[in-house]
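Residue indices begin at 1 and follow the sequence shown. In each ligand, atom 1 is the first atom listed, and ligand 1 is the first ligand listed.
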Amino acid sequence: MKKIIVTGVTGQDGSHMVEYLLKNTDHKIYGAVRRLSVKNHENILHLENEPRFELINMDLNDAHSMRDVVIDLQPDYFINFAAQSFVAGSWDYPIQTWDTDSNAVLHILESIRRFAPSCRFYNAGSSEEFGDVICSPQDEKHPLRPQSPYGAAKCAARHLVRVYRESYDLYAVQGWLFNHEGVRRGLDFVTRKISHSIAKIKIALDSNKTIPILKLGNIEAQRDWSDAEDFMEGVWLMLNQDAPKNYVLASGEMHTVREFLEETLKCANIEFKSEGSEDNEKYYTLDGQLIFEVDPKFYRPAEVHELCGDCSLAEKEMGWTRKTDFAGLVKKMYESDYALLTR
Ligand code: G4F
């Protein structure tokens, strides 16, 4: 039985990856977790009794712990989804971001090269690496122009993955995953912040309670949003080609944050009118209750204004396709949050 280490299993991508691997392979999956005094295992609780899934202790910021795991397990695959993945937070804690998203990748690569050189390695890359884009859509040839400490750390990791692949003949890849969302998305990310807040607003409106106003930053930012679950197959395909190669995974569609908000309001059957503009824009229900306002507190020191991916290479060479479209993703997230809050 082959062995796969997956990091970040308590998060959105890691937990979906484990589910994908349990369903589509016969391999044994080791979910690497950091011991915390308060457990954060909600996303993997349902997998606790799976005989092919085992949790192991490992801290990405401790090179020795990582090395020992690689020596002991001799994994066939190592999938690294652990990261400081909140772009806005990377200005508040840039060093922790660099340590986790860049230095830790170097430690993994060193462990693999020294102790398990036939292990295939996937590192989570990001469309944030393209940053201040020069053309749209972005494919694998677009230059790296990061705009945040997070984007810069992912670019550094990308170079390390390439250097190790070329220097030591490792099977090491880093896909460019455009924004991918879902019901397990953290509440700070804009899509889940919107779906969760609008569900709360809907419940408050229906029960005549005080409305918890949604506050967002730059609602004109444009992103290429997909369903995180659709990307897991793409990651696994990237690890199982004849030769290692990096691919873009994306939807090829671009929508503004405003469109995401308005599509969610549509799902909730909330009609609204807009007043003001830019920093002062507000949305009200038709009977005048404030539901949303722009809050410059959520603006970033530097913004990536638009991202739109071209995944035609992944489709052509790996046969990868996505299943959920933009409207389907918004509906899924809103309905899940509404159910969660009314349960
Ligand atoms: O949801 P976001 O925080 O995601 P962002 O920055 O695009 O990063 C995500 O996608 C990347 C792939 O491109 C990943 F690598 C990364 O780890 C993460 O998963 O913000 C999306 C957009 C931004 O332009 C932001 O300025 O939404 C805008 N926005 C507007 N108001 C807001 C808010 N973002 C957040 N988080 N919160 C707001 O209130």
Side-chain angles (χ1 to χ4, degrees), residues 8 11-14 16 80-93 97 100-102 123-133 136-138 142 144-158 174-182 184-198 212-228 231 234-235 248-262 264 278-279 281 283 292-309 311 329-330 333:
Q12 169 186 269
D13 291 2
H16 284 313
N80 182 33
F81 277 131
Q84 192 304 93
S85 63
F86 189 45
V87 175
S90 74
W91 280 278
D92 299 328
Y93 23 92
T97 303
T100 312
D101 297 358
S102 183
N123 191 50
S126 166
S127 44
E128 277 290 308
E129 295 171 53
F130 298 136
D132 183 19
V133 301
S136 260
Q138 298 85 46
H142 190 284
L144 305 178
R145 295 164 57 88
Q147 290 284 86
S148 60
Y150 168 85
K154 287 287 179 185
C155 288
R158 173 170 305 282
Q174 175 163 321
W176 284 274
L177 271 53
F178 279 64
N179 293 55
H180 45 291
E181 317 293 316
R184 294 184 193 160
R185 193 52 148 151
L187 289 167
D188 280 339
F189 295 90
V190 79
T191 54
R192 183 82 197 285
K193 183 173 170 182
I194 293 173
S195 63
H196 196 258
S197 300
I198 298 300
I213 300 159
L214 168 62
K215 297 180 185 200
L216 297 172
N218 177 11
I219 58 170
E220 306 308 340
Q222 300 182 83
R223 288 292 182 275
D224 175 331
W225 282 295
S226 296
D227 186 331
F231 278 11
V235 168
V248 160
L249 300 183
S251 76
E253 275 177 38
M254 196 157 62
H255 296 274
T256 57
V257 172
R258 181 194 294 280
E259 284 176 276
F260 197 101
L261 169 61
E262 295 187 0
T264 314
E278 299 180 353
D279 292 3
E281 184 159 8
Y283 285 10
F292 157 71
E293 66 187 12
V294 169
D295 184 342
K297 183 174 94 182
F298 295 104
Y299 291 164
R300 297 178 178 183
E303 178 64 279
V304 170
H305 296 285
E306 59 167 273
L307 286 171
C308 182
C311 62
L329 173 66
V330 176
M333 291 181 72

What I want to know is whether [X] and ligand 1 share at least one N or O pair that is separated by under 3.5 angstrom.
{"X": "Phe86", "result": "no"}
{"X": "Val190", "result": "yes"}
{"X": "Trp225", "result": "no"}
{"X": "Thr191", "result": "no"}

Note to self: Would you say that Leu261 contacts Leu214 through its side chain, given a criterion of any heavy-atom pair below 4.5 Å between the two side chains?
What the structure shows: yes

Check: Side-chain contact, heavy-atom cut-off 4.5 Å: Phe260 with Glu181?
Finding: no

At under 4.0 Å between heavy atoms, which part of [X] makes contact with ligand 1: side chain, backbone, both or neither?
{"X": "Lys193", "answer": "side chain"}
{"X": "Ala221", "answer": "side chain"}
{"X": "Glu303", "answer": "side chain"}
{"X": "Glu220", "answer": "neither"}
{"X": "Tyr299", "answer": "neither"}
{"X": "Leu216", "answer": "both"}
{"X": "Phe189", "answer": "both"}

Note to self: With a 4.0 Å cut-off on N to O distance, would you call Lys154 and Glu128 a salt bridge?
What the structure shows: no

Notebook entry, point to check: Thinking salt bridges, do Glu259 and Arg223 make one under a 4.0 Å N-O criterion?
Noted result: no

Checklist line | Shortest heavy-atom approach to atom 4 (O) of ligand 1 - which of Leu307, Ile194, Asn179 | finding: Asn179

Checklist line | Nearest candidate to atom 20 (O) of ligand 1, where distance is taken over non-hydrogen atoms, out of Arg300, His305, Glu306, Arg223 | finding: Arg300

Next item on the list: Assign the ring pair Tyr283 / Phe292 to parallel, tilted or perpendicular, where the plane angle (0 to 90°) is split at 30° and 60°.
Entry: perpendicular

Next item on the list: Over 60° means perpendicular and under 30° means parallel, so classify the ring planes of Phe189 and Phe86, tilted if in between.
Entry: perpendicular

Margin query: When you compare the side chains of Gln138 and Ser127, does any donor N or O come within less than 3.5 Å of an acceptor on the partner?
Written below: no

Note to self: Walk me through whether Arg300 and Gln147 qualify under side-chain contact (heavy atoms from CB on, under 4.5 Å).
What the structure shows: CA-CA 10 Å; Arg300 297 178 178 183; Gln147 290 284 86; over 6 Å; no

